[in-house]
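Below: one structure, written as structure tokens.
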Amino acid sequence: MRARLDELARVIGGELVGAPSLEVTHIAPPATAGPDAIGFVAQARYAAQIAGSRAGCLIVAPALREAAVARGAAIVCADPYLAHARLSQWWAARSRPPVAAGVHPSAVVEPAADIAPSASVGPLAHVGAGARIAAGAVIGALVHVGPGASVGEGTRLHPRAVLATGCRIGARGILHSGAVVGADGFGFAPDAGRWEKIEQLNAMWIGNDVEIGANSCVDRGALDDTVLEDGVKIDNLVQIAHNVHVGAHTVFAGCVGVAGSTRIGRRCMIGGAASIAGHIEIADDVQITACTLVSRSIRQPGRYSGAFPFDDNASWEKNAATLRNLHALRERVRALEKNR
Amino acid sequence: MRARLDELARVIGGELVGAPSLEVTHIAPPATAGPDAIGFVAQARYAAQIAGSRAGCLIVAPALREAAVARGAAIVCADPYLAHARLSQWWAARSRPPVAAGVHPSAVVEPAADIAPSASVGPLAHVGAGARIAAGAVIGALVHVGPGASVGEGTRLHPRAVLATGCRIGARGILHSGAVVGADGFGFAPDAGRWEKIEQLNAMWIGNDVEIGANSCVDRGALDDTVLEDGVKIDNLVQIAHNVHVGAHTVFAGCVGVAGSTRIGRRCMIGGAASIAGHIEIADDVQITACTLVSRSIRQPGRYSGAFPFDDNASWEKNAATLRNLHALRERVRALEKNR
Amino acid sequence: MRARLDELARVIGGELVGAPSLEVTHIAPPATAGPDAIGFVAQARYAAQIAGSRAGCLIVAPALREAAVARGAAIVCADPYLAHARLSQWWAARSRPPVAAGVHPSAVVEPAADIAPSASVGPLAHVGAGARIAAGAVIGALVHVGPGASVGEGTRLHPRAVLATGCRIGARGILHSGAVVGADGFGFAPDAGRWEKIEQLNAMWIGNDVEIGANSCVDRGALDDTVLEDGVKIDNLVQIAHNVHVGAHTVFAGCVGVAGSTRIGRRCMIGGAASIAGHIEIADDVQITACTLVSRSIRQPGRYSGAFPFDDNASWEKNAATLRNLHALRERVRALEKNR
């Protein structure tokens, strides 16, 4: 694929400084980009990358205009990072082969499934009875869409995703490969030393523009639906338990776990490998840093942390050993204070 | 589906107070249930939910009988939570469409696989040579059952589960979507800076009534079988390594990891995202709280913990920085004590 | 399968002490092995296992020769653990049924895919347009190989693995069941409270002899390829984010997460459930112990740790509560020192 700079400036909504007819063939980081590539420098602190870059064109903010222009073509715009996102979408739409509408002959579609003519059902996919696949949706190879499940307009289920019985996902969503939406929540009642299963009778409601990463799991509800509001983004290997409610535009980095019935607000950012306890509430606009266990409700917006600071093993061992007696150390300090 | 209260009281084994012919259409939480729903209040501390509930019927313990009856119909029984579990099973059995016995024409069944007539093999499933599928077992869509593997009576493998070569699961088990039972354990011998694979020659033995969550992994053994005894319950995204032995009725919450050759006792409860080191032993009736790393054997029943307490980021940073010099702080306290 | 000891000694490259014609039928741990099994004792600290073992033959290091011979046949070699690895490979190659070359009739192979005659494509597998499957490669049941992807000689994709569009894996590699190689990296640009997707336009380069565990994920690159060099070994449920570069022969235990654009050196060993932050560098020969969050670059080889030491719950609670005020405790010690 080749694209002219004037066309790219139009896509991005920026001002082109340089030859409109210059063409690039791909997007690349400024450091490794050659004359046939376009790159971006998102922040002033990366300004040092500009002078040495051999990129055919750089997308920069107004503050870096001069530096960028001094070395070659540039597209100047208010938010280069957002511009890059938009450019990447435009590029992907033009460079990836289009998906053919229709049901692949090897797919198995059960009776009374309702598949829009413009939707695509890939090789060896299985669509259960009464499922609905809306216009422009793409069901990839080896995907399972359960009975009565519903896939919104333009939503893509990548190869080998699962959307289980009765679960609904809105428009423009993405389930990546291996994602399992709607498996049973983990519920058991103790009965004389063994466990009696609580059947998970409800399902899942997922809004529009939701993305769920590879091999992530979002469980169906027991008595209420599990809910992901619009714009929620979930990375790989994340576990969202039953009856959880996630507010709009909240994002989860990889390997996060959220236990059951917890309510997370809007626009939260949950760092990698964080764990969130069950039956708690987290306010809007909360940021949790990586590897933090959130063990109780958070009522105020802000940034919360709880990871052990790592160190060389010998130092860690000494500090960890002391930590095991930290309470006693405090008592000793108290004693010293009393006897002062 | 509709059900009369006298029938539900019989299912639960409780005493109905109210109109036997009253009907409900679903189970719901007391707070959101309407007159067409039945709910339960498991514990006295939730008694406040009773007065305001519009549920057609509430399942309660004897201590809450009066409060429940004051507002409408009730079923009184010794253990409402267990009653709810039983009711949910009864409800699921009646409201879910039955699974048709037989092999779907799109499934691939290799020679010499032994499939009971009452078992079901779903669309696009693959059953390897010599595998055995017992009576009433359900092999879901896109499932892989490896050569020589064995699935017990009434056990269900949900869409896209894997039971690998030679692995055996007993009766009434459940593998959820994406679960992988019997992949190779992680074993390598160092050889001059590279790694030589140790082939994992054994398999897996899983007892009765075992449930394994979505996208969880239980590895095959190297020289012995990996073992999950009866009644073990495993949530989503859990990793159980090779040669691990888990005692009966032990439960694992989501995102737990257990390293190789560890032996875990009976009736243990392992909290979410906990990690258990390899080659250790954990006694019966041990509870591990969330995010704890169990780095050595535990010989006594009880509750064990090891998570960093989370805080607002600024407070955490100050405490974490101090923690990095905790050993030195102890030395300073020692010096103060000496010079007292 | 049966094997004579003289043949096994040849395979291992060790010295047989005992009857060359003695036969064994399997490999077993010394403690449980009977006369029909061969076992190994890798280290002098396990010497106590020797006297009581009923194994038909033991593989031991020269230092344990006398003890081993005193009880029966032995094969003496420099590195019994490595010998065991080699023996397990030899055993697996002879005892496992061979995989038939060719494409199973139920597999779906898209136009212009290039499949070597000696390769195997299993039941219900899907091979995308233009994909290349090299000689001796094994594509298991229900596997998805994306358009333009490439599988090297002898590489095995176990049932239900995914190698996504354009991703390349070298020779003698293994993807275990459920592994997803080449899903989108997690990239979004903020735009007025919502998230704009950054399309992940690059792919993945995986060297030779790389093994990736069950349900693990390695994401495709955004602007550069994600890279795993030769000999990298990844256990189950590991997440490697986009643009990460992993040096040769580095190993990752289960449940590890590595965030985007991080560069990890050669021969590193990353312990279970460790987390590695994004955009950092880790030197060669670094060992990270279990559950450690590596939050900044590591420039020196060595061993690094950062897990909270676990304890009984009551002790942990007291220490954790004190930890929440650790900075204040340090201030109190300071005050004591000043007033001394």
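Residue numbers start from 1 in every chain, and the chains themselves are labelled A, B, ... in the order their sequence lines are given, proteins ahead of strands. Hydrogens, waters and symmetry mates play no part in the numbers below; they use all other heavy atoms, side chains included.
The backbone N or O of A/Gly178 sits less than 3.5 Å from a side-chain atom of B/Asn215, completing a donor-acceptor pair. Under a 3.5 Å cut-off, the side chain of B/Gln89 and the backbone N or O of A/Lys197 do form a donor-acceptor pair. Formation of a donor-acceptor pair under 3.5 Å by the A/Ser305 side chain with backbone atoms of B/Asn313 is not found in this model.
If you measure heavy-atom distances from A/Asp219 to chain B, the contacts under 4.5 Å come from the side chain alone. When heavy atoms are compared at a cutoff of 4.5 Å, A/Ile288 does not approach chain B at all. For a residue to count as touching a neighbouring chain, one of its non-hydrogen atoms must lie under 4.5 Å from one of that chain's; by this rule A/Ala125 touches chain B with the backbone only. With a threshold of 4.5 angstrom between heavy atoms, A/Arg330 does not approach chain B through any atom at all. Contacts of B/Leu142 with chain A are made by side-chain atoms alone, with heavy-atom separations under 4.5 Å and no backbone atom involved. Contact annotation for B/His158: neither backbone nor side-chain heavy atoms come within less than 4.5 Å of a heavy atom of chain A. At a 4.5 Å heavy-atom cutoff, A/Pro147 makes no contact with chain B through either its backbone or its side chain. For A/Gln200, the part lying under 4.5 angstrom from a heavy atom of chain B is the backbone only. In this structure, the portions of B/Arg334 lying under 4.5 Å from any heavy atom of chain A include both its backbone and its side chain. With a threshold of 4.5 angstrom between heavy atoms, A/Ser216 approaches chain B through N, CA, C or O but not through any side-chain atom. Both the backbone and the side chain of A/Phe188 come within less than 4.5 Å of a heavy atom of chain B. Within the 4.5 angstrom heavy-atom criterion, no atom of A/Ala328 approaches chain B. Looking at B/Thr289, there are no atoms closer than 4.5 Å to chain A (heavy atoms on both sides), in backbone or side chain. Of the two parts of B/Phe252, only the backbone, made up of N, CA, C and O, holds a non-hydrogen atom closer than 4.5 Å to a non-hydrogen atom of chain A. A/Val258 does not touch chain B: none of its heavy atoms, backbone or side chain, sits under 4.5 Å away.
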(message) Go through it in stages, so that I can follow the logic: the residues are A/Glu337 and B/Leu336, the test is side chain to side chain contact (heavy atoms under 4.5 Å, CB included), and I'd like the CA-CA distance, side-chain angles, deciding distance and then a yes or no.
(response) CA-CA 10 Å; A/Glu337 288 170 337; B/Leu336 285 167; over 6 Å; no
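The two atoms that bring B/Ile234 and A/Phe186 nearest to each other are C-CE1, 3.4 Å, heavy atoms only. Here the closest non-hydrogen pair linking B/Ala214 and A/Val180 is CB-CG1, 3.9 Å.
Residues of residues 315-323 of chain B having a heavy atom under 4.5 Å from any heavy atom of chain A, listed by number: B/Trp316, B/Ala320, B/Leu323.
Top candidate by heavy-atom pairs under 4.5 Å with chain A, chosen from B/Lys233, B/Arg267, B/His176, is B/Lys233. Most heavy-atom pairs under 4.5 Å with chain A, from the set B/Leu124, B/Asp312, B/Asp235, B/Asn325: that is B/Asp235. Across B/Ser106, B/Cys255, B/Pro123, the residue that shares the most heavy-atom pairs under 4.5 angstrom with chain A is B/Pro123.
Here the CD-CH2 distance, from A/Glu199 to B/Trp90, works out to 13.5 Å after rounding to the nearest 0.5 Å.
Every residue was checked against the salt bridge (Lys or Arg N to Asp or Glu O under 4.0 Å) condition with B/Arg303, not counting sequence neighbours, and none meets it.
Using a 4.0 Å cut-off between a side-chain N of Lys or Arg and a carboxylate O of Asp or Glu, B/Arg156 and A/Asp184 do not qualify as a salt bridge.
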